[in-house]
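We're numbering straight along the sequence, starting at 1.
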Amino acid sequence: MTSAERNRYMSEIVPPEVRPKPAVPAKPSHVAPPSSVPFVPSPQGTGGEGQGSGRGSALFGYIGIDTIIEQMRKKTMKTGFDFNIMVVGQSGLGKSTLVNTLFKSQVSRRSTSWSRDEKIPKTVEIKSVSHVIEEGGVKMKLTVIDTPGFGDQINNENCWEPISKYINEQYEKFLKEEVNIARKKRIPDTRVHCCLYFISPTGHSLRQLDIEFMKHLSRVVNIIPVIAKSDTLTLDEKTEFKQKVRKELEACGIECYPQKEFDEDMEDKSDNDKIREAMPFAVVGSDKEYQANAKRILGRKTPWGVVEVENPNHCEFSLLRDFMIRSHLQDLKEVTHNIHYETYRAKRLNDNGGLHPISSSGQDTQESNL
């Protein structure tokens, strides 16, 4: 074939079809734009294929990874969540009233004060009541656990033991559900996520009962100490009493929630340090409304005026609420599960040589062995 014929033949060959690159999908209009350009890690290593596990690559367009937050939000709103709070303290300190004020509804059981005709319990009782409350489409099953009889006896020796036993029983229930072969998709969570401990506003120092309770229970539950009915103290008395309580807790090696050892980073440490400096919270509870400054407010009426519950200048109720519900509620649940429950679980399995899986038919036998 001559060169002229070869050139003519090559010119007659149809060039291969050029396929256009696939279009990059546009970001959905309902997803908010990112606040900044996402960080793309630089490639690591110089190897060829097979070494991509440690390498990053630039994104050609929007993927939708950031929608995982919205997916989690929707799922949580559908299923709801549990929150279990225990209140401990002598009768007459306003435990039920404060819990009702925290959640702005009658969620606590009836007042634990007794009339002359009623008998004071001879031992500490454990009573709980549950409600489903909803706000902004989010459902929460709230369980309030009360401890009538605590600290009301002449001899209060070891009166924390029924409370400690109850807390451990809830861990045991959860553990048994976990080791079931056919366990539930969602294990009912009755574990105590938070314990509000009410300190009497004496203005002097902690009682031995207060110290012993917090020393024993701070190892198994998140304790948040509060000074009840703090409006009975002057501003100077309140400040001095809070300082005394903090020093006594430190001297006795008692760490209340949030514990320093669980601060995850410097931001956590900075936020939690402010909370630790404010403890114990000097609070006032009330479920009654009064007219003040042309608006309805929750408060306690006195001959000298109205103590406004949600006014930071009057008491620290708003600090307690914001801390416990608006910023640390999820962390309270996580510390309960990852620290307190895991500590109980590890000790329980180690002491028992490991719990055997429980089938539906053999559950009664397993429980009797435990």
Side-chain angles (χ1 to χ4, degrees), residues 83 85-89 93-95 97-104 193-207 210-211 213-215 217-218 221-286 297-300 307-336 339:
F83 187 63
I85 179 172
M86 174 180 276
V87 290
V88 181
L93 291 180
K95 301 187 295 295
T97 302
L98 182 69
V99 174
N100 290 339
T101 312
L102 275 171
F103 296 98
K104 294 193 173 180
H193 301 124
C194 172
C195 174
L196 281 179
Y197 187 76
F198 286 69
I199 300 169
S200 183
T202 62
H204 302 298
S205 61
L206 291 173
R207 299 172 304 164
D210 300 327
I211 294 172
F213 175 86
M214 287 189 272
K215 186 181 291 185
L217 272 295
S218 61
V221 71
N222 298 316
I223 291 182
I224 299 176
V226 297
I227 299 173
K229 295 186 175 181
S230 65
D231 54 325
T232 60
L233 300 171
T234 67
L235 293 178
D236 291 339
E237 288 172 342
K238 189 189 305 180
T239 302
E240 186 178 350
F241 189 39
K242 282 165 65 77
Q243 290 175 350
K244 283 182 180 178
V245 170
R246 283 197 295 269
K247 287 180 180 177
E248 286 186 80
L249 291 176
E250 186 178 354
C252 296
I254 299 170
E255 268 206 286
C256 298
Y257 177 86
Q259 300 89 338
K260 291 181 181 179
E261 58 185 304
F262 304 145
D263 292 341
E264 295 183 356
D265 49 40
M266 291 306 297
E267 183 182 359
D268 265 4
K269 184 179 184 304
S270 176
D271 292 341
N272 290 339
D273 278 345
K274 294 176 184 177
I275 294 167
R276 287 186 279 261
E277 289 170 5
M279 283 188 176
F281 296 100
V283 298
V284 176
S286 175
I297 54 96
L298 288 171
R300 282 167 55 88
V307 179
E308 299 177 29
V309 169
E310 297 179 285
N311 187 337
N313 295 321
H314 291 193
C315 73
E316 295 170 342
F317 169 82
S318 58
L319 288 177
L320 172 66
R321 178 200 59 203
D322 292 351
F323 154 60
M324 201 176 82
I325 299 175
R326 301 183 181 181
S327 66
H328 282 66
L329 190 147
Q330 180 60 29
D331 190 64
L332 281 163
K333 290 169 63 71
E334 289 178 2
V335 171
T336 298
I339 306 299

Which residues share a ring pair (Phe, Tyr, Trp, His ring centres under 6.0 Å) with F103, sequence neighbours left out
none
Does the pair I227 and F198 meet the rule for a side chain to side chain contact (heavy atoms under 4.5 Å, CB included), with working shown?
CA-CA 6 Å; I227 299 173; F198 286 69; over 6 Å; no
Show your reasoning for whether side chain to side chain contact (heavy atoms under 4.5 Å, CB included) applies to I199 and L93.
CA-CA 8 Å; I199 300 169; L93 291 180; over 6 Å; no
Atom of G285, atom of L98 and distance for their closest heavy-atom approach:
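In terms of heavy atoms, the two residues are closest at CA-CD1, 4.1 Å.
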Over all atoms of both residues, closest heavy-atom pair of M214 and C256
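Scanning both residues completely, I find the closest heavy atoms to be SD-SG, 4.3 Å.
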Under the rule for salt bridge (charged side-chain N to carboxylate O under 4.0 Å, His left out), what residues qualify as partners of D263, not counting sequence neighbours?
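Partners of D263 under the salt bridge (charged side-chain N to carboxylate O under 4.0 Å, His left out) test: R276.
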So, using salt bridge (charged side-chain N to carboxylate O under 4.0 Å, His left out) as the criterion, who are the partners of R246 when residues are at least two apart?
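So R246 forms no salt bridge (charged side-chain N to carboxylate O under 4.0 Å, His left out) with any residue.
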If you define the side chain from C-beta out and look only at heavy atoms, does anything of [X] sit under 4.5 Å from [Y]?
X: I254; Y: F213; value: no
X: P225; Y: V245; value: no
X: K269; Y: D265; value: no
X: Y197; Y: S218; value: no
X: V335; Y: Y257; value: yes
X: S286; Y: V309; value: yes
X: C194; Y: I224; value: yes
X: V88; Y: K95; value: no

Tell me whether K244 is salt-bridged to E248, with the criterion being a basic N under 4.0 Å from an acidic carboxylate O.
no
Atom pair [atom1]/[atom2] of [X] and [Y] - distance to nearest 0.5 Å:
X: L196; Y: I223; atom1: CG; atom2: CD1; value: 10.5 Å
X: I275; Y: S327; atom1: CD1; atom2: OG; value: 5.0 Å
X: L206; Y: L249; atom1: CG; atom2: CG; value: 5.5 Å
X: N100; Y: L298; atom1: CG; atom2: CG; value: 11.0 Å

Restricting to pairs with a member in residues 224-233, which pass side chain to side chain donor-acceptor pair (under 3.5 Å), not counting sequence neighbours?
D231-R300
Between M86 and H193, does the side chain to side chain contact (heavy atoms under 4.5 Å, CB included) criterion hold? Intermediate values first, please.
CA-CA 8 Å; M86 174 180 276; H193 301 124; over 6 Å; no
Stepwise, does the side chain to side chain contact (heavy atoms under 4.5 Å, CB included) test hold for H328 with N272?
CA-CA 10 Å; H328 282 66; N272 290 339; 2.9 Å; yes
Please identify each residue that fulfils side-chain hydrogen bond (donor to acceptor under 3.5 Å, both in side chains) with D271, with sequence neighbours left out.
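Once residues adjacent in sequence are excluded, D271 has no partner under the side-chain hydrogen bond (donor to acceptor under 3.5 Å, both in side chains) criterion.
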Has the side chain of T101 got a donor or acceptor atom that lies under 3.5 Å from a matching backbone atom of T97?
yes
Quick one: does E237's side chain have a donor or acceptor within less than 3.5 Å of a partner on T234's backbone?
yes
N/O donor to acceptor pairs below 3.5 angstrom from side-chain atoms of residues 313-325, sequence neighbours left out:
unit_1: H314; atom_1: ND1; unit_2: E308; atom_2: N; d: 2.9
unit_1: E316; atom_1: OE1; unit_2: K242; atom_2: NZ; d: 3.0
unit_1: E316; atom_1: OE1; unit_2: A282; atom_2: N; d: 2.8
unit_1: E316; atom_1: OE2; unit_2: K242; atom_2: NZ; d: 3.4
unit_1: R321; atom_1: NH1; unit_2: E310; atom_2: OE2; d: 2.7
unit_1: D322; atom_1: OD1; unit_2: R326; atom_2: NH1; d: 3.4

